[in-house]
Amino acid sequence: MMPREEMYIGKKTYQIKEEDYQRFPVVRQAFVKVSTEDIGEINYLGFLDKMHKNMARRMQEGDPGYSQKDNALDMGANALNLTLGTYGFPNSQFLSWNPLYVPPFLSANKVEETPENHTHGVKEAAAFYGADLAGIAKLDERWVYSQDMVKPFVFDEEGVPCESEKAFHIPKSMNRAIVMAFLMDGELQTKSPKLPASTATSLGYSRMAIATVSLAEYIRALGYQAIPCMNDTALSIPLAVDAGLGQLGRHGLLITPEYGSNVRLCKVLTDMPLVEDQPIDFGITTFCENCLLCANECPSGAISSHERTTESEESTGNSGVLKWYIKGEHCLKYWQANGASCANCIAVCPFTYGYESEHCAECERCEAFMRGCPLQSNTFFRKKHGYLEDTPWASKSKIPPTKRRGL
Ligand code: SF4
Ligand code: SF4
């Protein structure tokens, strides 16, 4: 990871209107809302039916980027994602809240080390299991879902993480979140909204499934509790912001200094004593105020071109946080009509690839430039630390192959 000290501002990078904010229930997510409308019962993946039918139609019509070979590559990339955890369901399959294979007699002894040593060990293990970035956040209970499809998440004064008939129980001692980010394939993303961009997403999910399951088991083998999560249980983006991995962009996604938004996120909740990281600010909010690329290139009109607000226009957004709200249903219904998920907002965001001179041609009105352009300074840091290759003036930035340390 690039050093972050210069980006620390000593406070949170978001504002919450406490009187309006409430923990968010999974049932209000766009995925659940559209799926439930489509199939008439509460469901997470029902929206896929329409999407797959349109994919099949485009396949038959011979649309480039929607071939059976494109789909085959996607299916392979998605295999581990779908095997390791039931998508969107906490405590399912390998995402179990109990140890998978660690025998109790091998983990009864809790390894006692300083929080600094544990933090170093956890981040090394995360990299070994395939994470490209890892940070530690103090678990802010406001980011934990109020309930999943049917049951609430409750915080207990003591005990172990478990599921009863009535609720998911998280002990208050589990007050740390290890948040991991996984770089997706940049070349495939540029094909959005065609199927290859979905494949970049699918592989990101499979890689994060391996890492979250593996890191949770590592922590349990050291004698501590761990809850491995993908998109379930808690909101990944605010936790990633708290863990100092990046900032929230206009498109509703995390922007990291190293890879822009071209990452997927997962997290492990734990009671292991870990040193929390600090939030960072590298100028994203000001830049997004002036840049509208993602809003202009969004085929569904889901991205706001207005000022930030604390009120979501749709029930799928959770009012109370000052930000640009996404119209999740618009986005998902476009995926259905398109026959594949879309990633235009990631593909066009200049932080995904770094500074290119033509961005500035579009940004004559940019006020951020007057105060020092965050995109240019971030590109400079990415080059300095090997996250972008030096390319001749006015040519497209190159992302070098990632030097993965693990799986
Ligand atoms: S994924 Fe596509 S449709 Fe959805 S918000 Fe991004 S650009 Fe818009
Ligand atoms: S495309 Fe521009 S406005 Fe959208 S998230 Fe990226 S920097 Fe912000």
Side-chain angles (χ1 to χ4, degrees), residues 13-14 29-31 33-34 47 51 54 65 184 186 188-202 204 231 237 240-241 246-264 281-308 312-314 316-317 323-356 358-369 373-379 382 397:
T13 50
Y14 48 80
Q29 272 189 12
F31 287 104
K33 192 142 186 252
V34 174
F47 79 97
M51 193 170 100
N54 279 324
M184 295 184 282
L188 292 182
Q189 293 290 30
T190 61
K191 314 282 188 240
S192 176
K194 295 178 181 171
L195 237 170
S198 280
T199 306
T201 303
S202 299
N231 286 356
I237 294 174
V241 170
Q247 278 185 268
L248 184 68
R250 180 186 286 276
H251 51 6
L253 303 171
L254 184 78
I255 302 183
T256 66
E258 290 84 354
Y259 308 118
S261 302
N262 194 22
V263 290
R264 295 238 78 83
D281 188 336
F282 57 114
I284 290 299
T285 307
T286 318
F287 193 91
C288 288
E289 277 166 2
N290 295 283
C291 168
L292 290 159
L293 274 173
C294 55
N296 292 341
E297 296 297 326
C298 171
S300 71
I303 300 176
S304 164
S305 4
H306 304 295
E307 301 279 302
R308 289 184 299 160
S312 170
E313 283 177 35
E314 291 190 349
T316 52
K323 63 178 185 176
W324 290 282
Y325 283 86
I326 300 300
K327 293 180 177 161
E329 283 178 79
H330 288 55
C331 171
L332 216 47
K333 284 179 179 171
Y334 170 73
W335 293 14
Q336 291 182 312
N338 177 49
S341 65
C342 163
N344 282 14
C345 42
I346 296 174
V348 300
C349 179
F351 283 90
T352 298
Y353 299 99
Y355 174 77
E356 291 164 30
E358 59 266 34
H359 291 139
C360 276
E362 295 188 40
C363 286
E364 283 162 2
R365 69 189 180 291
C366 179
E367 289 162 22
F369 183 73
C373 173
L375 177 60
Q376 288 202 31
S377 43
N378 188 55
T379 302
R382 280 172 80 172
S397 321

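None of these values were measured; they are calculated from a predicted model. In each ligand, atom 1 is the first atom listed, and ligand 1 is the first ligand listed. The first residue in the sequence is number 1, and the count goes up from there.
- Taking the side-chain hydrogen bond (donor to acceptor under 3.5 Å, both in side chains) definition, one finds that Ser202 meets it with Asp74, sequence neighbours left out.
- Pairs engaging residues 246-261 under the salt bridge (charged side-chain N to carboxylate O under 4.0 Å, His left out) rule: Arg4-Glu258 [sequence neighbours left out].
- Taking all atoms of both residues into account, the shortest heavy-atom contact from Gly283 to Gln247 is N-OE1, 3.4 Å.
- Between the OG atom of Ser261 and the CE atom of Met184 there is a distance of 8.5 Å, given to the nearest 0.5 Å.
- Taking every non-hydrogen atom of Cys342 and a distance limit under 4.0 Å, the qualifying atoms of ligand 1 come out as 1 (S), 2 (Fe), 3 (S), 7 (S).
- Scored by the side-chain hydrogen bond (donor to acceptor under 3.5 Å, both in side chains) test, Asn344 finds Ser192 as partners (sequence neighbours excluded).
- Under 4.0 Å from any atom of ligand 2, one finds heavy atoms of residues Arg250, His251, Ile255, Phe287, Cys288, Cys291, Leu293, Cys294, Cys349, Pro350, Phe351.
- Exactly one of Asn231, Thr316, Leu332 qualifies for a side-chain contact (heavy atoms from CB on, under 4.5 Å) with Phe31. That residue is Leu332.
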